[in-house]
**Student:** 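Please find one structure pasted underneath; my questions will follow.
Throughout, protein chains are lettered first and strands after them, A, B, ... in sequence-line order, and every chain is numbered starting at 1. Both backbone and side-chain heavy atoms feed into the values below; hydrogens, waters and symmetry mates do not.
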2 protein chains.
Amino acid sequence: MFSHNEIWSAIDKLAQANGYSTSGLAKKAGLDPTTFNKSKRVTADGKPRWPSTESISKSLAATQATLMDLVGFIEDTPIQSTAQAIEHFEVSQNGIKKLNQKPLASLVVTQDDSYAVTLTSAQWAPTYKKGTTLLVSPKTDLQTDDKLFVETANNDIFIMSFDSQDDDTLSLNAIILNEPDRRIQKTDIIRCAKILWASQ
Amino acid sequence: MFSHNEIWSAIDKLAQANGYSTSGLAKKAGLDPTTFNKSKRVTADGKPRWPSTESISKSLAATQATLMDLVGFIEDTPIQSTAQAIEHFEVSQNGIKKLNQKPLASLVVTQDDSYAVTLTSAQWAPTYKKGTTLLVSPKTDLQTDDKLFVETANNDIFIMSFDSQDDDTLSLNAIILNEPDRRIQKTDIIRCAKILWASQ
DNA sequence: TATTTTTTATGAATTTATTCCTATTTCAGG
DNA sequence: CCTGAAATAGGAATAAATTCATAAAAAATA
């Protein structure tokens, strides 16, 4: 379920995240530039007007975004967890480092082998927006396009999709713009977990 | 981005996953039952017709599904790729029974030992309200006050907190009003999982 | 098997969203 | 300060989706 307000807000955010104005996004999508006007979001007598599914599909295509990305722009309630926070990370220009204070991402571990990671940075938006909680599992039966949460020996963190692997290296594809694909030495990996579930 | 075919397929799957026919879903959503007819998906001259965003929103609301859930029916998301719907349950005055149609609770199982249970009954409110998704694990290292999801041989379901156990029986405390505490024979239990995580 | 209910189908009427057109506003560059 | 491009606004025309009305097929029930 999503509200009239949420879907319009998501369209605004989709445009902004790709450097477009609202009308610019409409043009890029091959639509009339006034399609997403504020004045087209309610009728004269105040009834809500919704964008069409086709317009949304075209807008996502124009920004090479998925429906999943759009979900990332729609706010929802945070999850509650039975787990306990044990580690914190900081995101900076040089990468992501473990630390104790002012965490931009917090990692919580449950009592079995699955655990949750809460992102307090917009680093991985729009795929995983700030505030997203990921439920991940360290299980190793990886399939192509599985999303992974990987931590290396020097405490860098990568959230990328699984491409392939051999005995020594793990090949990962970027899931956000302007991030390169990567090949990581397995000996450098201290944590590799498959993302099973992502909250809003 | 998503295609005309994908969005219609997703609506069909949303209906099916909730035990509805396509027209049944439309009715539940407060729409005309013919809204999602095959004949409404293309024009007379073969042009594709798309469901409106508002119809989709109403359909998700009717099934207590999120946009994320719909994505699961379209793309290879973590939820879809690692989970498979296997069983449905119905809650009635006399208890909870397994069935095939119109489930009030749906159970999905992931590829590792944790799985998710979505409650579509208010049976366990206010602790777990209608629509809550529980992430549970069959791990047996139980501690007092752990919340458990228990299914017995006659397909009754209990969501209660762990009190104690001996070789033969499991003692459970109620977590909702007007429910008695219980002692269950272990030989009667066909599923016992610890609730690790609860969604909104 | 007969009967009722549900589902599916299709055309026409209605409602809704987009497009077209024009005008105003905003903002960067000369 | 002026100008041109982009963004926004709003009404009318057009295109598109839903509803309504009806009928036929399929499924459930007696």
**Student:** Check whether any side-chain N or O of A:Thr34 sits under 4.0 Å from OP1 or OP2 of D:dT8, and answer yes or no.
**Tutor:**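 No, because none of the side-chain N or O atoms of A:Thr34 sits under 4.0 Å from OP1 or OP2 of D:dT8.
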**Student:** For the pair made of NZ in A:Lys58 and C1' in D:dA16, what is the distance, rounded to whole Å?
**Tutor:**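 To the nearest whole Å, that distance equals 11 Å.
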**Student:** Could you check whether the side chain of A:Lys40 and the base of C:dT16 have a donor-acceptor pair of N or O atoms closer than 3.5 Å, going by distance alone?
**Tutor:**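 Such a pair does not exist between side chain and base.
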**Student:** Is there a side-chain contact between B:Ser59 and B:Ile11 (heavy atoms, below 4.5 Å)?
**Tutor:** no
**Student:** Would you say the side chain of A:Lys38 and the base of D:dG10 hold a donor-acceptor pair, judged only by whether the two atoms sit under 3.5 Å apart?
**Tutor:**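 Check fails, no donor-acceptor contact within cut-off.
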**Student:** Separation of A:Phe36 atom CZ from C:dT16 atom P, in whole Å?
**Tutor:**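 Result: 19 Å.
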**Student:** For B:Pro51, which contact category applies under a 4.0 Å heavy-atom criterion: base, sugar-phosphate, or nothing?
**Tutor:** sugar-phosphate
**Student:** Counting just side-chain N and O atoms, does A:Thr35 come under 4.0 Å of either OP1 or OP2 of C:dT19?
**Tutor:** yes
**Student:** Please tell me which of B:Asn37 and B:Glu54 maps to the more 5' nucleotide of DNA chain C, matching each residue to the nucleotide holding its nearest heavy atom.
**Tutor:**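 Its nucleotide being nearer the 5' end, the pick is B:Asn37.
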**Student:** Within the structure provided, determine whether B:His4 and B:Trp8 are in side-chain contact (heavy-atom separation under 4.5 Å).
**Tutor:** yes
**Student:** Starting at CG of A:Asp12 and ending at P of D:dA7, how long is that distance when rounded to a whole Å?
**Tutor:** 13 Å
**Student:** OP1 or OP2 of D:dA7 versus the side-chain N and O atoms of A:Thr22: is any pair under 4.0 Å?
**Tutor:** no
**Student:** Rounded off to whole Å, could you give me the CG-to-P distance for the B:Asp32 and C:dT16 pair?
**Tutor:** 14 Å
**Student:** Give a yes/no answer on whether the side chain of A:Lys27 brings an N or O atom under 4.0 Å of OP1 or OP2 in D:dA6.
**Tutor:** no
**Student:** With DNA chain C as reference, determine whether B:Pro33 or A:Thr53 sits nearer its 5' end, using the nearest nucleotide of each.
**Tutor:** B:Pro33
**Student:** Expressed as a whole number of angstroms, how long is the span from B:Ile7:CD1 to D:dA17:P?
**Tutor:** 13 Å
**Student:** Would you say D:dA17 has OP1 or OP2 under 4.0 Å from some side-chain N or O of B:Ser52?
**Tutor:** no
**Student:** Could you work out which one of D:dA7, C:dA17, D:dC20 sits closest to the side chain of A:Trp50?
**Tutor:**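 Given the options D:dA7, C:dA17, D:dC20, the side chain of A:Trp50 is closest to C:dA17.
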**Student:** Would you mind reading off the distance between B:Arg41 atom CZ and C:dT8 atom C1', rounded to a whole angstrom?
**Tutor:** 11 Å
**Student:** Show the numbers, then the answer: is there a side-chain hydrogen bond (donor to acceptor under 3.5 Å, both in side chains) between A:Asp166 and A:Thr169?
**Tutor:** CA-CA 6 Å; A:Asp166 59 30; A:Thr169 62; 3.1 Å; yes
**Student:** Can you tell if the side chain of B:Gln165 reaches within under 4.5 Å of the side chain of B:Leu170, non-hydrogen atoms only?
**Tutor:** yes
**Student:** Does OP1 or OP2 of D:dA7 have a side-chain N or O of A:Ser21 closer than 4.0 Å?
**Tutor:** yes
**Student:** Within the pair B:Lys47 and D:dA15, is there a side-chain N or O less than 4.0 Å away from OP1 or OP2?
**Tutor:** no
**Student:** Between atom NE2 in A:His4 and atom P in C:dT16, what is the gap in whole Å?
**Tutor:** 12 Å
**Student:** Under the criterion side-chain hydrogen bond (donor to acceptor under 3.5 Å, both in side chains), I'd like the reasoning laid out for B:Asp32 against B:Thr34: C-alpha separation, chi angles, the key distance, then a yes or no.
**Tutor:** CA-CA 5 Å; B:Asp32 187 277; B:Thr34 70; 2.6 Å; yes
**Student:** To the nearest 0.5 Å, what is the distance between CZ (A:Arg183) and OG (A:Ser164)?
**Tutor:** 6.5 Å
**Student:** From CD1 of A:Ile56 over to P of D:dA17, roughly how many Å is that when rounded to an integer?
**Tutor:** 13 Å
